[in-house]
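One structure below.
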Amino acid sequence: MGIDLASFAGRGGSVDEPALKRCLEACVDVGEALHDVLAWPTADLQHDAWLNRRLAIVLSGFGDLLRMKGMTPSEHGSLRYLNQLLLWLRMSAQSRSRALAMRTEPLPAIALSDPSHALPRGSIRDDWRRR
């Protein structure tokens, strides 16, 4: 999925953060739902999708957004601005992903690598399972 950041900018390049966050969260929601219905081209890709449930969101429009703000890519201030924007976007996507994960079982990749399966019953195994 892709998001054009410039399409969320108004006059002067101010970003409509609530709308951008809703769009980003929708991408996470749709991406998560697509894992269950997509036909993967190979068995290996199908297995990897089941095991890890990776999601990619392509962000574009960085240059257009800077231009709208009257900034140039070579300025340190521009890089700081983009860095802060990307940190916020990453935090928002991770937060949404975490919220969805809390409603489901652990990823198979995590469940299969759980070292508590090999531990004897007791407090050590219980500690690992809580983690």
Side-chain angles (χ1 to χ4, degrees):
M1 285 170 275
I3 298 175
D4 179 7
L5 297 172
S7 67
F8 291 90
R11 292 191 177 244
S14 63
V15 174
D16 183 349
E17 290 183 2
L20 179 54
K21 185 174 183 182
R22 284 191 304 274
C23 178
L24 183 66
E25 289 175 347
C27 285
V28 173
D29 293 350
V30 169
E32 175 61 22
L34 282 173
H35 270 280
D36 297 327
V37 297
L38 284 179
W40 300 91
T42 68
D44 287 341
L45 288 176
Q46 175 74 37
H47 181 72
D48 182 70
W50 168 79
L51 193 64
N52 296 294
R53 297 184 80 86
R54 290 184 181 96
L55 174 64
I57 300 171
V58 177
L59 302 172
S60 62
F62 295 101
D64 293 333
L65 180 59
L66 289 179
R67 183 182 41 78
M68 294 167 81
K69 291 185 80 57
M71 303 172 89
T72 58
S74 61
E75 295 174 353
H76 287 287
S78 299
L79 297 176
R80 276 193 300 277
Y81 169 74
L82 291 177
N83 184 57
Q84 290 301 312
L85 179 62
L86 287 170
L87 288 172
W88 176 77
L89 287 164
R90 182 179 71 182
M91 180 204 63
S92 297
Q94 286 175 338
S95 177
R96 183 55 160 216
S97 180
R98 211 173 291 113
L100 292 174
M102 296 300 287
R103 294 186 234 154
T104 62
E105 296 179 11
L107 282 175
I110 293 172
L112 292 173
S113 66
D114 180 356
S116 71
H117 295 298
L119 296 173
R121 291 182 184 180
S123 63
I124 294 174
R125 182 168 87 175
D126 294 341
D127 287 344
W128 270 108
R129 289 209 169 147
R130 277 192 293 278
R131 287 185 205 157

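Counting begins at 1 with the first residue of the sequence. Side chains included, hydrogens not; waters and symmetry mates left out as well; all remaining heavy atoms used.
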> Can you hop from Leu85 to Met71 via hydrophobic side chains spaced under 4.5 Å?
Replying inline: yes

Query raised in the report: Does Leu89 reach the side chain of Leu5, with side-chain heavy atoms less than 4.5 Å apart?
Result: yes

When rounded to the nearest 0.5 Å, the distance separating CZ of Arg98 from CE of Met91 is 9.5 Å

Note to self: Donor-acceptor check, side chain of Ser92 to backbone of Trp88, threshold 3.5 angstrom: yes or no?
What the structure shows: yes

For a side-chain contact (heavy atoms from CB on, under 4.5 Å) check, start with the C-alpha distance between Phe8 and Ile3, then their side-chain angles and the critical distance, and finish with the verdict.
CA-CA 9 Å; Phe8 291 90; Ile3 298 175; 3.7 Å; yes

Nearest heavy-atom contact between Arg54 and His35 is O-NE2, 2.6 Å

_For residues Met1 and Leu59: do they belong to one hydrophobic cluster (side chain heavy atoms under 4.5 Å, members Ile, Leu, Val, Met, Phe, Trp, Tyr)?_
yes

For Leu65 and Ala9, the nearest pair of non-hydrogen atoms, with its separation, is CD1-CB, 3.6 Å

Residues 69-81 vs side-chain hydrogen bond (donor to acceptor under 3.5 Å, both in side chains), sequence neighbours excluded, gives Thr72-Glu75

Exercise for review: Go through His47 and Trp40 one step at a time and tell me if the side-chain contact (heavy atoms from CB on, under 4.5 Å) criterion holds.
Suggested key: CA-CA 9 Å; His47 181 72; Trp40 300 91; over 6 Å; no

On a heavy-atom basis, the closest approach of Cys27 and Leu55 is O-CD2, 4.2 Å

Shortest non-hydrogen pair, Gly61 vs Asp4, comes out as CA-OD1, 3.4 Å

Q: Flag yes if Leu24 and Val58 sit in one hydrophobic cluster, no otherwise; membership is Ile, Leu, Val, Met, Phe, Trp, Tyr, and two members link when side-chain heavy atoms are under 4.5 Å apart.
A: no

Begin with the C-alpha distance, continue with both residues' side-chain angles, and end with the deciding distance and a verdict on side-chain contact (heavy atoms from CB on, under 4.5 Å) for Leu86 and Phe62. CA-CA 10 Å; Leu86 287 170; Phe62 295 101; 3.8 Å; yes

Sorted by chain and residue number, the side-chain contact (heavy atoms from CB on, under 4.5 Å) partners of Leu100 (sequence neighbours excluded) come out as Val28, Asp29, Glu32, Arg103

Rounding to 0.5 Å, atoms CZ (Arg22) and CD (Glu17) come to a distance of 12.0 Å

